[in-house]
S.K.: 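Structure in structure tokens, see below.
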Amino acid sequence: MTHYDKIREGLIKGKEPRTLEVLIESFKTMFNLSEKEINKELEAMIEAQEIVLDEGVVFVIDNIHYAIGTFKAVRDTFGFVENEAVSIYVGSADFKDALDSDTVLVEIKSAEKQYGIIRKTLQRNRTVLLGTMKQKGKRIFFVPYDNKISKLVDYDANGHNLEANQRVIGDITAIDDRIHVKISSVLGQADEPGMDVRSVLFVYGIDVPFDDEVIEAAKAVPESIDQNETKGRMDHRDQFVITIDGEDAKDLDDAIYMETLANGYRLYVHIADVAHYVPEGSAIAISAYNRSSSVYMVDRVVPMLPKVLSNGICSLHPNVDRLTMTTQIDIGFNGEILDYNIYESVIHSKRRMSYQEVNSGQDLGSVQPMIDLMMECARRLKYKREQAGSIGFDSDESKFVIDNDGKVLDIYRRQTGEAEEMIEMFMVTANEVVAQQARYAFIPVLYRVHEHPSKEKMQDLSHTLRILGYVMKGNLEEIHPKTLQKALEYFEGKPEMPVVSKLMLRSMSKAKYSEEPLGHFGLALEDYTHFTSPIRRYPDLLLHQRLKKYLVHQDRRHEAKDEQFTIEAGKHASSKERSILEAERQVEKIKKAQFMEDKVGEVYMGYISGVSNFGIFVELPNTVEGLVHVRNLKDDFYQYDATAQKMIGERTKKTYAIGQKVKVKLMSVDMLEHVVNFEFIEPRVRKGRRKPNERRRKKSKSIS
């Protein structure tokens, strides 16, 4: 056993934090080590975040008593400290001096109830603050744009002529009972078009302009391929290759072709060879790593790669030669994968098609026979996956119709047809076979993993589904995806389906990137990775770079270094993905609130999507979700039943439960919190007319 392991074991045995001085004296005697040797090992443990030294006291990080994590403030009243193992609730009184996004040491007061207090801020992850200048009387104040920042802000104008309603950036110079900032720039008026989205991008650290070095590197990228670049590649320019994407897509990174086999189908999935233009270590590759993925906001796209690549030489436009990485996959009539091959290639796409065009049912001309063949193959693949237990969730994506100023004209739920399902089936299949190849060949890549949900989450889901009339069967500790698939099938076509689909998604573990092939629970696959979108996702680009290096060129000289980088890249990509998703949701929330702002007083039908102790959430068919606050339930005093997820009237026994269809009236829209407030509209009860003699009898009775 090494000195490190001995000291680590000695630390874990200690139940309470101890001073550094006491520990050193104890370990000197216990392990016959010098103070220098002990300090060396302790410093390594601090570096590995296995312990934290604070004011001479050593805290052991075990995720039971103490943990290191990222502080996520939900609002100024509470937040969570999260890492991959735990999510600890922290009340505002225990924030200490931590700001949202800081790395902190949290003391876990109850591992069972998962709440604790922040002991120390270990790293400030926020160096600047976005704010709006507000006027009160003759004074102008700096108000943080992020409403999760509850501290007051003192500012140094730094020579800027500040006025009310300006959106500004302040560099954080100090934090005590207040945040001190120096104004570095004025972005413009807070209410000018596009400022709302720009502000969210800034808060979540999403880069918009590319660095000068990246722009210069992009200028050197050719506009068309040199024929010398096609040497040594499989030439598929004679294939009738097609692309199928959304109508407004500009970065076309996948193309397909299919032909028949005696025992099934041969599918070609051609993916843009981005790694040919973006090698490891280049300025564009480093930028792609930092950005991690393209960001799709309501009114704009922030690309991972400069447009000269994403919309130009890498995009698989029709009628031009393009370099690709191809997966040739043989598929049997039962949807099973018979064989596959992965290699560099060159294609010449013959036709660009849209999902809408393929779904229309109209005659597609000469390409129709191949589309029919593809649809047939995709149905067999889908059946095979469903038999294995792949879970198909209803889409809850919103589609926004916007004008040139970013104003939302309409919102509706995004519909998917058979064309979208077909492409999804083909891309999942390509991702699966590439993951298998990477695992078999011991290539250090990032796998897309989705671990089994926790027993506790499954127990909560099972309880809620039982309330809705469905009993989940089987072992909840080792649940099979087929069990959840059956639950979705039970609610198919029922009013509760959208709620059940959403509840089930929330009960799942979060998908992430890992250097280990841990499998994908939701897809019921042992091997899975992201290969098909190297234009817009860094893990895909890294995978392409590694396939070329290890598979094509057989170069394993830097394997240990590559393995270490893959571990770091997985953590970075997973963290960045969560941040980008939060930013995209925040923009959607803002745009939905703006869309509903001028509709106060209008009446809608919706369904109850959630119940909490402070109110009832109602989702409209257009995906806008609003709150009926308990203070607006005026016909009775309602008790919140957390176990049954219901609100029950104390006197009337009237019940509001998830999945219930309701009529609501839009009462107000809080544009600061971007919350839509509803009120229930109760159906009128028609009272029958009483007979004249009944009225007389009642009257005479009251007189007597």
Side-chain angles (χ1 to χ4, degrees), residues 236-261 264-272 294 296 301 310-311 314-320 322 324 326-331 333 335 337 345 347-386 390 392-401 412-433 523 530-536:
H236 287 308
R237 284 177 284 194
D238 60 333
Q239 287 183 348
F240 199 93
V241 169
I242 60 171
T243 60
I244 306 176
D245 291 273
E247 288 186 311
D248 54 353
K250 294 181 177 64
D251 50 352
L252 314 180
D253 48 16
D254 59 89
I256 52 176
Y257 173 75
M258 180 170 280
E259 57 194 20
T260 58
L261 295 175
Y265 315 85
R266 176 162 287 172
L267 168 67
Y268 293 85
V269 177
H270 303 293
I271 305 298
S294 296
Y296 295 87
V301 176
S310 62
N311 295 3
C314 292
S315 189
L316 306 183
H317 298 303
N319 307 316
V320 289
R322 286 290 184 259
T324 48
T326 293
T327 55
Q328 173 196 304
I329 311 166
D330 292 351
I331 301 164
F333 287 123
I337 296 169
S345 57
I347 67 166
H348 189 98
S349 174
K350 302 298 190 290
R351 183 167 171 179
R352 187 207 164 160
M353 306 182 73
S354 70
Y355 294 126
Q356 186 176 343
E357 183 182 7
V358 177
N359 287 328
S360 67
Q362 296 177 354
D363 183 15
L364 300 174
S366 61
V367 77
Q368 186 70 60
M370 187 171 71
I371 293 290
D372 291 341
L373 187 69
M374 288 176 169
M375 288 289 190
E376 179 187 291
C377 177
R379 290 185 201 111
R380 294 175 188 269
L381 282 170
K382 184 181 178 184
Y383 179 76
K384 175 78 172 175
R385 298 211 179 283
E386 286 175 346
S390 179
F393 293 104
D394 269 6
S395 171
D396 62 349
E397 278 189 71
S398 306
K399 178 73 175 175
F400 293 80
V401 180
Y412 55 90
R413 192 179 298 275
R414 189 186 294 274
Q415 300 295 321
T416 57
E418 199 170 2
E420 288 91 337
E421 277 194 352
M422 178 185 80
I423 294 298
E424 183 184 354
M425 283 295 136
F426 292 166
M427 297 306 117
V428 167
T429 303
N431 287 335
E432 181 186 7
V433 299
L523 293 173
H530 274 167
F531 164 74
T532 56
S533 297
I535 289 177
R536 61 183 180 87

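Values below: every heavy atom of this structure, side chains too, minus hydrogens, waters and symmetry copies.
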S.K.: If only side-chain N and O atoms count, and only distance matters, is there a donor-acceptor pair under 3.5 Å linking His270 with Gln239?
M.R.: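 Checked: Gln239/His270 side chains pair up, N/O donor to acceptor below 3.5 Å.
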S.K.: Should we count CZ of Phe333 as having more than 12 external heavy atoms under 6.0 Å?
M.R.: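 More than 12 within 6.0 Å, yes.
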S.K.: Going by heavy atoms in the side chains, are Thr326 and Val269 under 4.5 Å from each other?
M.R.: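 No, their side chains stay 4.5 Å or more apart.
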S.K.: Using a 3.5 Å cut-off and no angle test, enumerate the donor-acceptor pairs between side-chain atoms of residues 246-258 and protein atoms at least two apart in sequence or in another chain.
M.R.:
| unit_1 | atom_1 | unit_2 | atom_2 | d |
| --- | --- | --- | --- | --- |
| Asp251 | OD2 | Tyr296 | OH | 3.4 |

S.K.: Checking Ser345 against Arg237: is there a side-chain donor and acceptor pair closer than 3.5 Å?
M.R.: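 No, because no side-chain N or O of Arg237 sits under 3.5 Å from a partner of the opposite role on Ser345.
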S.K.: How far does OG of Ser390 sit from CG of Leu523, to the nearest 0.5 angstrom?
M.R.: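 Rounded to the nearest 0.5 Å, the OG-CG separation comes to 5.0 Å.
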S.K.: Sort and list the pairs that fulfil salt bridge (Lys or Arg N to Asp or Glu O under 4.0 Å) and have at least one residue in residues 351-374, not counting sequence neighbours.
M.R.: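 Residue pairs with at least one partner in residues 351-374: Arg351-Glu357.
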S.K.: How many angstroms lie between atom CG of Asn359 and atom CD of Gln415, to the nearest 0.5 angstrom?
M.R.: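 If we round to the nearest 0.5 Å, Asn359:CG and Gln415:CD are 11.0 Å apart.
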S.K.: Heavy-atom distance under 4.5 Å between the side chains of Ile337 and Glu432, does that happen here?
M.R.: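 The answer is yes, as the side chains (C-beta and beyond) meet within the 4.5 Å cut-off.
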S.K.: Quick one: closest heavy-atom pair of Ala272 and Pro534, and the distance?
M.R.: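 Looks like O-CG, 3.5 Å.
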S.K.: Just wondering, do His348 and Arg322 contact through their side chains at under 4.5 Å, heavy atoms?
M.R.: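 Of all side-chain heavy-atom pairs linking His348 with Arg322, none is under 4.5 Å.
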S.K.: State yes or no: are the ring centers of Phe400 and Tyr412 separated by less than 6.0 Å?
M.R.: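 No, ring centres 6.0 Å or more apart.
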S.K.: State, with a plain yes or no, whether a side-chain heavy atom of Ile423 is found less than 4.5 Å away from one of Tyr355.
M.R.: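 Yes, side chains in contact.
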S.K.: I need the minimum non-hydrogen distance between Ile535 and Ser310, along with the two atoms involved.
M.R.: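 Shortest heavy-atom separation between Ile535 and Ser310 comes out as CG2-CB, 3.6 Å.
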S.K.: Indicate yes or no for a side-chain donor-acceptor contact from Ser360 to the backbone of Gln362 under 3.5 Å, with no hydrogens or angles considered.
M.R.: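 Yes: the side chain of Ser360 pairs with the backbone of Gln362.
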S.K.: Walk me through it: do Ile331 and Ile329 pass the test side-chain contact (heavy atoms from CB on, under 4.5 Å)?
M.R.: CA-CA 6 Å; Ile331 301 164; Ile329 311 166; 4.0 Å; yes
S.K.: Within the 4.5 Å heavy-atom criterion, are Glu420 and Val358 side-chain neighbours or not?
M.R.: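 Side chain of Glu420 against side chain of Val358, heavy atoms only: no contact under 4.5 Å found.
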S.K.: Could you list the residues that satisfy salt bridge (Lys or Arg N to Asp or Glu O under 4.0 Å) with Lys384, not counting sequence neighbours?
M.R.: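 Testing Lys384 for salt bridge (Lys or Arg N to Asp or Glu O under 4.0 Å), a comparison that skips the adjacent residues, returns none.
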S.K.: Can you tell if the side chain of Ser349 reaches within under 4.5 Å of the side chain of Asn319, non-hydrogen atoms only?
M.R.: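 A side-chain contact is absent here, since even the closest heavy-atom pair is not under 4.5 Å.
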S.K.: Just do the side-chain contact (heavy atoms from CB on, under 4.5 Å) check on Glu421 and Leu381 with the steps written out, would you?
M.R.: CA-CA 10 Å; Glu421 277 194 352; Leu381 282 170; over 6 Å; no
S.K.: Looking at every heavy atom in both Gly365 and Pro369, which two are closest together, and how far apart are they?
M.R.: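 That would be O-CD, 3.9 Å.
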S.K.: Inspect the surroundings of CD in Gln356 and state if more than 12 heavy atoms from other residues, nucleotides or ligands are less than 6.0 Å away.
M.R.: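 No.
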S.K.: With a sphere of 6.0 Å drawn around CD of Glu424, does it hold more than 12 non-hydrogen atoms of other residues, nucleotides or ligands?
M.R.: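 For Glu424, atom CD is not crowded (no more than 12 foreign heavy atoms under 6.0 Å).
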S.K.: Starting at CZ of Arg413, measure out to OG of Ser398 and round the result to the nearest 0.5 Å.
M.R.: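 Going from the CZ atom of Arg413 to the OG atom of Ser398 covers 7.0 Å.
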S.K.: What distance do Leu364 atom CG and Met353 atom CE have between them, rounded to the nearest 0.5 Å?
M.R.: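 It comes to 4.5 Å.
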S.K.: With a 4.5 Å heavy-atom cut-off, do Glu418 and Arg379 have their side chains touching?
M.R.: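 Answer yes - side chains close enough.
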S.K.: Let me see the working for Phe531 and Thr327 under side-chain contact (heavy atoms from CB on, under 4.5 Å), right down to the final yes or no.
M.R.: CA-CA 10 Å; Phe531 164 74; Thr327 55; 3.6 Å; yes
S.K.: Are Thr429 and Asn431 packed together at the side-chain level, in the sense that at least one heavy-atom pair is separated by less than 4.5 angstrom?
M.R.: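 Sidechains of Asn431 and Thr429: no contact.
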S.K.: Rounded to the nearest 0.5 Å, what's the gap from CG on Leu267 to SG on Cys377? Could you check?
M.R.: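 It comes to 6.5 Å.
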S.K.: Could you verify whether a donor N or O on one side chain and an acceptor N or O on the other, from Glu259 and Tyr265, lie under 3.5 Å apart?
M.R.: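 Side-chain D/A pair, Glu259 to Tyr265: absent.
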S.K.: How long is the straight-line distance from OG1 of Thr532 back to CD1 of Ile271, given to the nearest 0.5 Å?
M.R.: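 These two atoms lie 5.5 Å from each other.
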